[in-house]
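Here is how names work: the chains are called A, B, and so on, in the same order as the sequence lines, proteins then strands, and each is numbered from 1. No experiment lies behind these values; they were computed from the predicted model shown.
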2 protein chains.
Amino acid sequence: MADIARLAGVSTSTVSRALSGSPVVNEETRTRITELARSLNYTINIGAKNLRLQQNRTVAVVVPYDSTSGQNISDPFFLRMLGSVADALTERGFDMLLSRVDAEQLDSAAALYDGGRAVGIILIGQWHHHDQLNELAARQVPLVVWGAHLAQQLYCTVGGDNFSGGEVATNHLIDVGRRRIAFLGDVELPEVAQRHAGYREALARHRLPIDPGLVVPISFVAERARAAVQGLIDRKVGFDAIFACSDVLAMTAVSTLRENGLQVPNDVAVVGYDDIELAAYFNPPLSTVRQLIDAGGRALVDSLFSLLAGKRELPKVLPTELIIRATSGPQRIR
Amino acid sequence: MADIARLAGVSTSTVSRALSGSPVVNEETRTRITELARSLNYTINIGAKNLRLQQNRTVAVVVPYDSTSGQNISDPFFLRMLGSVADALTERGFDMLLSRVDAEQLDSAAALYDGGRAVGIILIGQWHHHDQLNELAARQVPLVVWGAHLAQQLYCTVGGDNFSGGEVATNHLIDVGRRRIAFLGDVELPEVAQRHAGYREALARHRLPIDPGLVVPISFVAERARAAVQGLIDRKVGFDAIFACSDVLAMTAVSTLRENGLQVPNDVAVVGYDDIELAAYFNPPLSTVRQLIDAGGRALVDSLFSLLAGKRELPKVLPTELIIRATSGPQRIR
DNA sequence: ATGAAAGCGCTAACAG
DNA sequence: CTGTTAGCGCTTTCAT
């Protein structure tokens, strides 16, 4: 900037004013400075500007990784949510700092805020870290989390209606004549727990027994789903439907069933969760509970900005919708 | 920091030294200061530190979006590549600034570098912007691009061996008895163009005719693939195989074929590209050309750091591997 | 072992 | 309309 000033024969103040489009600076001088800056590929140093102005147009988006369970960033749902948040942030003219932090040390995510790196934090996936998140919120860290709304929760969440999603999916499976419905998903995770509650509610309403042997606790990793479904078959638990907590799990389940000579939906009906793009093109097309990904990303960003504006932001629950395709047809009588 | 200094009864210099672990500061003072900082949730202001030190540990990762073609960030391959780059950067202790910039104005990506926001740029997807990228490289912007290696290219690329990928896939389809192989992909894109060259090479080597009517130029969007394949069928072009330039396109194609009463692989064999996780669980399991995503992300980051170290970095071509599953079996004689 | 002072690149009073 | 000056939070000589 000093260079530009020297070359233009003015002071740095004038350059600063010209470049920020201040109306007070002479028209001719402004164009001269602007030209000069462009020709030198000069851009304002945002770091210095931020320091001076005590401002910041960056949001940290944190995708925790669980080093122990090998939970990584590869599930299409989370990845798409990331893209959706990126778009919403871009629309508002904010930069996005993407951070992978160890889930055991979420405080290090807060450091991005404490250190002035970002004005707030969006966390994608709440996993097991309810308490840590509450601590951050208690410290007034501007924070929005994609996940389930829990009791005594101090932080703001945005998420799908997991209870209803689980309920609607299970009701549907019962409607098509299924009685022994397996549940695939890690019930330790708040979102999955609520889907499981919806699942139990639907069973109870229809006076169907709840068999713990039908609940298979697996994380969102395809390879584990294969093993889990194989185990279900080998143990001869007896089941005529699967409700899986992600489409990837559901597709893996279908594939494993077929390898075992079981037909979908004739022998076993399957419903997934998320409605990722490929669900419609799967064979058979996958019945699933749709989550509003784009609306979700936008809502996360909206909530964060409300928070920053000093408003007390309530958790948001987005509607889910059952999409009935071919994997959940009625049972064939044989 | 001034607060800490006051509370600890020392000067800011001492606090700075203590917090950066300088050996010169008194043991007792250091612990006192460290404790104080922790209890106040104080973190060094990285912006100010960077300004003073003229350094920076941030890399900008740019995912261009093509507003005209509706090309968005949703293809699983690009999303996973993003995750892979994020991991590689995290390992090196660098932050990742994720930017969605309009593909028509890639210069704005360079602004992140010019403005000291990032030490370098990783661009995921070269699309049609060869010339713009060359300009940036000519300006000495540290830049690494995921894409195809082109002639007279000044910037550094990392990419798969697209020619070989196209050739191997096509050879395989010919080996299983196919003669009329449709090509699905936008040949205007450098990567796809090279796959297409490999495709032509394989056909030529087997003295098979190259029918331009079999080339369907579509971008990486599932919905378009459905229309394209439908068009191929309606026009009665006559084809017994499809080579698609992404797994999403391939899966959509399989789905569309089936809707039209065509069997895969009996009537039409299909080979995809990328080998995304779901390819193995598709029905039938999808034959595809595997790209090394994790190695790719790592290589992008490695190349950028070499560049930053002042080395002249050559383009890297990663091997691809044909994964034969069930969608490319031999043609059934009827 | 610690403090005082200067300066990284920028902006915003305040003068002129 | 433009220049001078001070200071954002930090590190680092140079003294003490």
Side-chain angles (χ1 to χ4, degrees), chain A residues 1-38 40-58 93 95 97 110-119, chain B residues 1-38 40-58 93 95 97 110-119:
Chain A
M1 186 147 172
D3 298 347
I4 308 261
R6 193 157 12 81
L7 289 169
V10 294
S11 75
T12 58
S13 330
T14 307
V15 176
S16 171
R17 281 190 277 254
L19 258 31
S20 64
S22 159
V24 81
V25 65
N26 188 310
E27 182 62 37
E28 187 270 327
T29 331
R30 201 221 318 292
T31 50
R32 186 157 45 94
I33 292 174
T34 315
E35 291 294 302
L36 207 49
R38 198 202 320 282
L40 293 173
N41 287 316
Y42 169 83
T43 311
I44 221 89
N45 183 319
I46 305 176
K49 175 176 181 167
N50 285 344
L51 180 58
R52 172 64 230 242
L53 260 38
Q54 295 289 78
Q55 56 140 45
N56 195 328
R57 291 183 75 80
T58 303
D95 284 328
L97 196 65
L112 295 169
Y113 168 72
D114 294 327
R117 206 74 218 289
V119 290
Chain B
M1 184 146 173
D3 298 347
I4 308 261
R6 195 157 11 80
L7 289 169
V10 294
S11 75
T12 58
S13 325
T14 307
V15 176
S16 171
R17 281 192 275 254
L19 258 31
S20 63
S22 159
V24 80
V25 64
N26 188 312
E27 182 62 38
E28 188 268 328
T29 331
R30 200 215 325 287
T31 49
R32 186 157 43 94
I33 292 175
T34 314
E35 291 295 301
L36 207 50
R38 198 201 322 280
L40 294 173
N41 287 315
Y42 169 83
T43 310
I44 219 90
N45 182 317
I46 305 176
K49 176 177 180 165
N50 285 343
L51 180 59
R52 172 63 231 241
L53 261 37
Q54 298 287 80
Q55 56 141 42
N56 195 326
R57 291 181 74 79
T58 303
D95 285 328
L97 195 65
L112 295 169
Y113 168 73
D114 294 328
R117 205 75 219 287
V119 291

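One atom, CE of A:Met1, and another, P of C:dA12, lie 10 Å apart when rounded to the nearest Å. B:Asn50 has its CG atom 12 Å from the C1' atom of D:dG9, to the nearest Å. One can place CD of B:Glu27 at 11 Å from P of C:dA1, the figure rounded to the nearest angstrom. With rounding to whole Å, A:Arg17 atom CZ is found 12 Å from D:dT5 atom C1'. The separation between B:Ile4 atom CD1 and D:dG9 atom P is 13 Å, rounded to whole Å. Straight-line distance from the CZ atom of B:Arg6 to the P atom of C:dG3: 14 Å, rounded to whole Å. Distance CD1 (B:Ile44) to P (D:dG9): 12 Å, rounded to an integer number of Å. Regarding B:Arg57, its CZ atom lies at a distance of 17 Å from the C1' atom of D:dC10, rounded to whole Å.
Judged purely by atom type and a 3.5 angstrom limit, A:Arg32 uses its side chain to pair as donor or acceptor with the backbone of A:Ala8. A:Arg117 contributes no side-chain N or O that, together with a main-chain N or O of B:Ile46, makes up a donor-acceptor pair within less than 3.5 Å. With hydrogens and angles ignored, the 3.5 Å screen pairs a side-chain donor or acceptor of B:Asn56 with a backbone N or O of B:Gly116.
A salt bridge links B:Arg30 to B:Glu27: one of the charged nitrogens lies within less than 4.0 Å of a carboxylate oxygen.
With distances taken from any side-chain atom of A:Asn26 to the nucleotides D:dT2, C:dC10, D:dT11, the minimum falls on D:dT2. Listed nucleotides: D:dT2, C:dT2, C:dG3. Nearest to the side chain of A:Thr14: D:dT2. Comparing D:dC1, D:dT12, D:dG3 by their closest approach to the side chain of A:Val10 singles out D:dG3. If you check C:dT2, C:dG9, C:dC10 against the side chain of B:Val24, the one that comes closest is C:dT2.
Within the 4.0 Å cut-off from OP1 or OP2 of D:dG7, not a single side-chain nitrogen or oxygen of A:Gln54 is found. For B:Tyr42 and D:dG9, the shortest distance from a side-chain N or O to OP1 or OP2 is not below 4.0 Å. One finds no side-chain N or O of B:Gln55 lying less than 4.0 angstrom from the OP1 or OP2 phosphate oxygen of D:dT11. Residue B:Ser13 has no polar side-chain atom (N or O) positioned under 4.0 Å from OP1 or OP2 of C:dT2.
A:Leu51 comes within 4.0 angstrom of a base, heavy atoms only. Residue A:Ser20 is classed as having no contact, given no heavy-atom separation below 4.0 Å to the nucleic acid.
DNA chain D is contacted by both A:Gly9 and B:Thr12; A:Gly9 maps to the nucleotide lying nearer its 5′ end (nearest heavy atom per residue).
B:Arg52 contributes no side-chain N or O that forms a donor-acceptor pair with the base of C:dG9 under 3.5 Å.
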Could you go through B:Thr14 and B:Ile33, starting from their C-alpha distance and side-chain angles, then the distance that decides it, and tell me whether this counts as side chain to side chain contact (heavy atoms under 4.5 Å, CB included)?
CA-CA 9 Å; B:Thr14 307; B:Ile33 292 175; 4.1 Å; yes
